[in-house]
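Below is one structure, written out as structure tokens; comments come after it.
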2 protein chains.
Amino acid sequence: MTALIIDDEIQIRRLLRMALEAKGYTVREADKGQLGLQEAVFHKPDVILLDLGLPDMDGVEVLKRLREWSSVPVLILSVRDQESVKLAAFEAGADDYVCKPFSTAELMARLSAIQRRHGAHDETSLQAGPLVLDPVHHEAHLNGQPLKLTPTEYALLAQLVRHAGKVVTLKQLLRAVWGPQAEEQSHYLRVYANHLRKKLEGSSLEIKNEPGIGYRLEEG
Amino acid sequence: MTALIIDDEIQIRRLLRMALEAKGYTVREADKGQLGLQEAVFHKPDVILLDLGLPDMDGVEVLKRLREWSSVPVLILSVRDQESVKLAAFEAGADDYVCKPFSTAELMARLSAIQRRHGAHDETSLQAGPLVLDPVHHEAHLNGQPLKLTPTEYALLAQLVRHAGKVVTLKQLLRAVWGPQAEEQSHYLRVYANHLRKKLEGSSLEIKNEPGIGYRLEEG
DNA sequence: TCGGGTTTTAACGCTTTTTTGACGCCTCAA
DNA sequence: TTGAGGCGTCAAAAAAGCGTTAAAACCCGA
């Protein structure tokens with residue numbers, strides 16, 4: 001997951017970089033519009049944070065040029081709260097518009113929202129209730145405590161967390177964890193669901209079974 | 001294009017209705033959460049404007065219930081500018097969050113933005129009146145409530161929903177659900193039609209029999 | 001080669017689902 | 001009026017799926 005920040009103020013870039021890296025993003029920066037467009041072309045970020053007040057060209061212009069070839073989600077940052085500017089930005093294809101000064105937490109939430117819509121699942125921090133998975137390091141934390149998982153256990157749990165609350169079919173799980181040739185080996189799931197249930201014991205999470213269909217991670 | 005407004009203040013509803021109709025939307029209204037959810041089930045709006053301060057239930061709760069079976073774009077309206085509320089709303093699956101009082105033009109622009117994103121990838125879901133089937137998760141929802149179905153029940157109902165309103169012949173149903181070698185076992189259908197009728201009881205849907213021909217799912 | 005952790009396989013009793021069989025109703029035609 | 005065929009209903013029998021446990025096979029670093 002790569003995020004591109006296009007902003008001329010170094011303080012803002014630092015702040016955003018910290019927040020984004022905490023969420024697991026790889027961050028790239030640009031302090032000018034031209035440079036930002038180049039970055040977008042060469043590094044294909046998964047999301048762009050674009051300031052409207054750039055020294056070399058107008059932010060809306062940057063957005064228009066970008067939209068000629070890319071549909072990457074773009075969140076606009078701006079000091080200007082003028083309605084005409086906002087409308088122009090949305091017209092040009094912005095996904096959201098946030099005024100400075102902004103709340104970092106809200107910004108991250110809005111980022112997730114537009115990425116969710118874009119279809120590219122926000123894989124930076126898999127989370128379901130008190131359970132947090134770190135896809136990069138294959139680590140898990142439950143209620144802040146480290147949770148030891150074998151690779152197979154992790155893979156299965158990750159799959160369940162990705163669709164937390166919803167049923168994931170037996171085939172989907174088996175394909176994702178053991179590969180397509182294991183689609184019929186549903187006894188694997190019984191064994192590993194059992195392992196995970198023991199490790200999730202005492203938390204608010206439950207792995208429920210829908211007979212003949214699949215499994216579901218549920219928060220009680 | 002249909003928009004659903006869920007808000008208890010009639011002035012707000014009037015204002016939004018005018019703005020939306022000017023944009024060419026068909027508008028539906030609800031002044032309570034329960035009613036809003038029902039509207040969403042029956043009329044499948046293309047976008048929802050949801051006020052958080054409803055008299056009967058919390059707006060975030062409405063959103064959660066909605067998200068159990070629908071991925072329609074939702075824009076939150078709220079008088080509250082608290083960060084925690086915003087975060088909860090985004091967490092629950094909101095697409096945007098606007099504080100009252102709002103600019104109508106900006107609201108329309110934001111609406112366009114989230115709808116633009118939504119149009120990108122359409123989900124495949126079977127529907128017949130108040131019944132929604134999700135083929136990916138093998139889940140069913142009736143009037144927004146989860147409906148528990150066994151694999152065979154699901155397969156049969158899916159077949160009926162695919163041809164909702166039309167007669168499906170005995171052979172077609174048996175082939176689709178039990179396989180070609182079961183074409184003569186019309187007995188199965190009587191048993192399972194019975195199961196489904198019980199589960200659909202109280203809804204507007206009926207499974208009707210055409211003697212000697214087949215079955216038909218009808219909305220009354 | 002050994003030892004540990006991990007994955008796979010196997011076996012048991014249990015629950016849920018599917019199949020089967022039985023019975024009574026209704027309709028239609030002889 | 002009566003009997004045959006299709007239908008709805010119920011419930012028991014059979015099958016399939018599940019949870020659990022433990023042992024066997026596997027893998028990898030020491």
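Proteins come first, then strands; the chains are lettered A, B, ... in the order of their sequence lines, and each starts at number 1.
Nearest-nucleotide mapping onto DNA chain D: of A/His195 and B/His195, the residue sitting toward the 5' end is B/His195.
In this model, the phosphate group of C/dT18 is not approached by any side-chain N or O of B/Trp178 to a distance below 4.0 Å at OP1 or OP2. Phosphate proximity of D/dG19 to A/Arg197: present, with a side-chain N or O under 4.0 Å from OP1 or OP2. Contact check, B/Asn194 against D/dG8: no side-chain N or O comes under 4.0 Å of OP1 or OP2. Distances shorter than 4.0 Å separate none of the side-chain N or O atoms of B/Tyr188 from OP1 or OP2 on C/dT18. Neither OP1 nor OP2 of D/dG19 sits under 4.0 Å from any side-chain N or O of A/Lys208. Distances shown here put every side-chain N or O of A/Tyr192 at or beyond 4.0 Å from the OP1 or OP2 atom of D/dT20. For C/dT16, the OP1/OP2 oxygens have no side-chain nitrogen or oxygen of B/Thr150 closer than 4.0 Å. For D/dC7, one of the phosphate oxygens OP1 or OP2 lies less than 4.0 angstrom from a side-chain nitrogen or oxygen of B/Arg190. Between A/Thr152 and C/dT7 there is a side-chain N or O to OP1 or OP2 distance below 4.0 Å.
Between A/Asp96 and B/Arg110, at least one side-chain nitrogen of the basic residue sits less than 4.0 Å from a carboxylate oxygen of the acidic one, meeting the salt-bridge criterion. Checked for salt-bridge contact, B/Asp95 and B/Arg67 meet the test: a charged N lies under 4.0 Å from a carboxylate O.
The residue B/Tyr154 sits apart from the nucleic acid: no heavy atom pair falls under 4.0 Å.
Not a single donor-acceptor pair under 3.5 Å links the side chain of B/Arg175 to the backbone N or O of B/Gln181. Formation of a donor-acceptor pair under 3.5 Å by the A/His141 side chain with backbone atoms of A/Val132 is not found in this model.
Among the nucleotides C/dT19, C/dT9, C/dA22, the one closest to any side-chain atom of B/His187 is C/dA22.
If you measure from atom CG of B/Asn209 to atom C1' of C/dC26, you get 12 Å, rounded to the nearest angstrom. With rounding to whole Å, B/Gln185 atom CD is found 6 Å from C/dT20 atom P. A straight line from CD of A/Gln181 to P of C/dT8 spans 10 Å, rounded to a whole angstrom. Regarding B/Tyr215, its OH atom lies at a distance of 7 Å from the C1' atom of D/dC7, rounded to whole Å. Taking atom NE2 on B/His138 and atom P on C/dT17, their separation rounds to 15 Å, with Å as the unit. With rounding to whole Å, A/Leu173 atom CG is found 15 Å from D/dC18 atom C1'. Rounded to a whole Å, the CG atom of B/Leu174 is 15 Å from the P atom of C/dT18. Rounded to whole Å, atom P of C/dT17 lies 8 Å from atom CD of B/Glu153.
Using a 30° and 60° split on the angle between ring planes, B/Tyr97 and B/Phe90 fall in the tilted class, from 30° to 60°.
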